[in-house]
Amino acid sequence: MTATLTPTEAAPSGPTEGRRDGALRGRLTFDRWGLLALPLLVFLLVVFIAPLAFLIASSVTDPTLGLDNYRKIFTESVYLRVLVNTFTVALTVTAVTLALAYPYAYLMTIATPRWRALLTLIILVPFWTSILVRSFALVLLLRDTGVLNSIAMSAGAIDEPVPLLRTMTGVVFGMVQIALPFAVLPMYATMRTIDRRLLDAAQGMGDRPSGAFWRVFVPLSMPGVAAGLILTFIQALGYYITPALLGGPKNTMIGELIVQQVSTVLQFGFAAALAVILLGTTFVLLAITSKFMNLERMLMGRS
Amino acid sequence: MSQNTTDSRPDDQAGASINVEKVRKQYGATTVLDDVSLDIRAGEFITLLGASGSGKSTLLNIIAGFTKADGGRVHIGGRDLTKVPAHRRGLGMVFQHYALFPHMTVFDNVAYGLRRHGTAKSAISGLVAEALEMVELGHLAKRKPSELSGGQQQRVALARAIVFRPPVLLMDEPLGALDKLLREQLQLEIRRLHQDMGITFVFVTHDQEEALTMSDRIALLQSGNIVQIGSPSDLYERPNCRYAAEFIGVSNIFSGECRDGVFDDRINGAQYRLGSAASGQALMVRPERLAVRPGIALSEPEDNAVEAVVEDCVYLGSFRTVHARTSGGDLVVARTDVPRGEDGVHPGAKVTLTWKIEDGRVLA
């Protein structure tokens with residue numbers, strides 16, 4: 001075999017699409033219409049940046065100057081348990097959400113337009129419904145005399161109600177259904193950009209359809225999976241209403257603890273310190289993620 | 001021919017023949033392939049040529065196993081592969097948009113097929129390097145596809161498709177996304193690759209020039225049927241229908257009727273002699289077969305002639321095209337040598353267009 005093909009084009013050192021895109025954006029210069037963004041900037045400064053600064057400040061000044069509030073969180077077992085519980089619940093929710101969302105997003109990508117519209121609607125309708133309403137609805141579903149237990153008992157599967165409410169199972173149940181759209185939508189956004197011909201190409205080279213899926217489709221869907229995971233996990237850390245309604249005193253999450261500190265025991269400094277920890281964790285997670293992935297691309301659903 | 005190519009390379013691994021037998025495909029009410037039969041010889045370079053919607057890509061995808069035919073059979077290398085899925089057919093495939101795996105390096109893209117075929121690890125890097133050398137991209141093995149130009153990506157796609165020595169290489173408009181100059185270079189390179197490898201190439205394109213340049217044989221498809229199959233010169237010189245004549249190259253077509261060895265062009269009030277008895281409603285003459293003479297010249301006894309008025313002359317360096325309108329309103333294009341001086345052929349001039357009797361072809 002002596003055949004050769006002669007390359008005649010210049011070797012590319014050129015920028016990829018994404019980079020060219022970025023350069024273009026950099027060239028857009030400020031004009032007077034940009035001033036219209038000013039009200040929003042001022043608004044954010046007043047209602048977000050300033051309170052945040054006060055919050056951070058009070059976490060180290062109230063009631064006394066120093067890091068006492070933080071020390072208390074990490075040394076007293078009650079609070080430490082809340083932190084551990086918060087992460088456990090958030091991780092469980094994320095894992096369950098991933099397992100449910102990935103096949104669903106995949107189904108959306110292969111469905112006909114009509115079915116895809118229906119699947120999108122199904123995932124979005126809960127999204128447009130108040131979390132409070134949905135969580136109360138879950139109470140009706142999960143309580144001892146609720147729908148699930150009634151059906152299982154009348155079917156003879158169980159003799160007495162299985163406690164779902166006031167347990168971690170209940171909390172995870174409720175949080176997963178709230179988190180699903182946040183996982184499904186970025187996954188779908190990434191998956192639909194994957195060229196189906198790549199799977200044909202893999203099979204044309206002798207790979208089984210399942211092999212092509214694992215070696216080609218799954219790796220290429222990872223940016224969407226990462227986006228879905230990070231959105232789910234960060235949200236799950238800060239949930240308040242759902243764990244408050246569906247959980248019990250044994251599985252308090254950090255959000256509930258903050259509310260309790262502010263509204264019941266009036267320890268503003270301590271509540272602020274908890275909030276700062278929640279915020280800090282979020283930033284650290286985002287920083288780690290952005291180190292490995294292009295966050296903007298993930299959230300804009302480009303791949 | 002073994003399906004599981006290992007690192008040993010059998011010398012008998014020449015091309016396989018392909019027999020398509022009454023293949024049928026419908027999408028809803030649309031018939032994409034209407035009982036198409038096609039015999040492709042082992043080792044030949046055949047092009048499936050047609051406009052978009054002619055069914056050429058569908059036919060290729062049925063041969064590849066990516067699309068299921070509604071009826072008919074496909075034999076490759078004598079084996080009935082109609083029900084065999086794509087991944088067990090062992091064919092090479094090059095896609096229009098390359099379909100390189102963006103998350104893998106060039107090396108891993110090319111090695112993909114070898115790994116799936118169970119090639120020994122120790123042999124893989126040698127075979128990949130060899131395939132990349134064939135497309136002169138050995139130095140880019142570590143790059144990602146996004147770091148390559150379009151032409152380089154298509155070369156990687158070629159290397160990837162031939163590295164496991166398939167008996168058949170299928171190409172679906174592989175040059176469609178490239179600019180003209182690059183396309184012409186790759187055409188010749190693919191042709192050379194075909195000669196060196198000796199395997200069967202099935203090439204899909206809508207570009208008739210590309211088909212003429214590259215193929216041993218061309219199958220011209222129109223709305224789900226093969227209207228003509230033959231060598232490039234068969235299709236160009238002896239089209240068997242008006243569609244083939246108009247699709248391939250430039251053609252001048254006069255409408256009329258055949259009667260007693262004479263073609264009666266009533267629109268232009270002329271009669272043309274025919275070399276042999278024929279029947280049909282159209283007479284075709286290629287532009288390069290027409291001679292342009294200024295004024296109303298009597299034609300040689302062996303020539304046919306029609307009068308026209310020149311509308312435009314286009315100088316193209318090595319030749320000239322003359323666009324002239326006949327009295328009946330037909331626009332005729334002639335391709336002539338460039339005269340040394342003024343030859344009386346200029347816009348507005350009355351001319352006589354002549355051609356040898358055997359250069360006219362009657363079409364159904």
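In what follows, chains are A, B, ... by sequence order, proteins preceding strands, each numbered from 1.
Put simply, of A/Gly211, A/Ala212, A/Gly204, the one with the most heavy-atom pairs under 4.5 Å next to chain B is A/Gly204. Taking A/Asp195, A/Asp200, A/Val216 one by one and counting their heavy-atom pairs under 4.5 Å with chain B, the maximum is reached by A/Asp200. Of the listed residues (B/Pro102, B/Ala64, B/Gly92, B/Ala86), the one with the most heavy-atom contacts under 4.5 Å to chain A is B/Pro102.
Classification of B/Asp108 and B/Arg160 as a salt-bridged pair fails, no side-chain N sitting under 4.0 Å from a carboxylate O. We find that B/Glu130 and B/Arg165 are joined by a salt bridge, their nearest charged nitrogen and carboxylate oxygen being less than 4.0 Å apart.
Proximity to chain A is limited to the side chain of B/Asp172, based on heavy atoms less than 4.5 angstrom apart. For a residue to count as touching a neighbouring chain, one of its non-hydrogen atoms must lie under 4.5 Å from one of that chain's; by this rule B/Leu100 touches chain A with the backbone only.
With contacts defined as side-chain heavy-atom distances shorter than 4.5 Å, the pair B/Arg116/A/Met205 does not qualify. For the pair B/His194 and B/Asp216, the minimum side-chain heavy-atom distance is below 4.5 Å. Considering only heavy atoms from C-beta on, A/Ile178 stays 4.5 Å or farther from A/Phe127 through its side chain.
Contacts with chain B (heavy atom to heavy atom, under 4.5 Å) involve no residue of residues 105-119 of chain A.
Taking the centre and axis of the six-membered ring of A/Phe213, the NZ or CZ atom of A/Arg215 falls outside the cone set by 45° and 6.0 Å.
Shown are B/Glu136, B/Glu189, B/Glu133; of these, the salt bridge (charged side-chain N to carboxylate O under 4.0 Å, His left out) with B/Arg155 is made only by B/Glu189.
No more than 12 heavy atoms of other residues, nucleotides or ligands lie within 6.0 Å of CD in B/Glu209, so this atom counts as exposed by the packing criterion.
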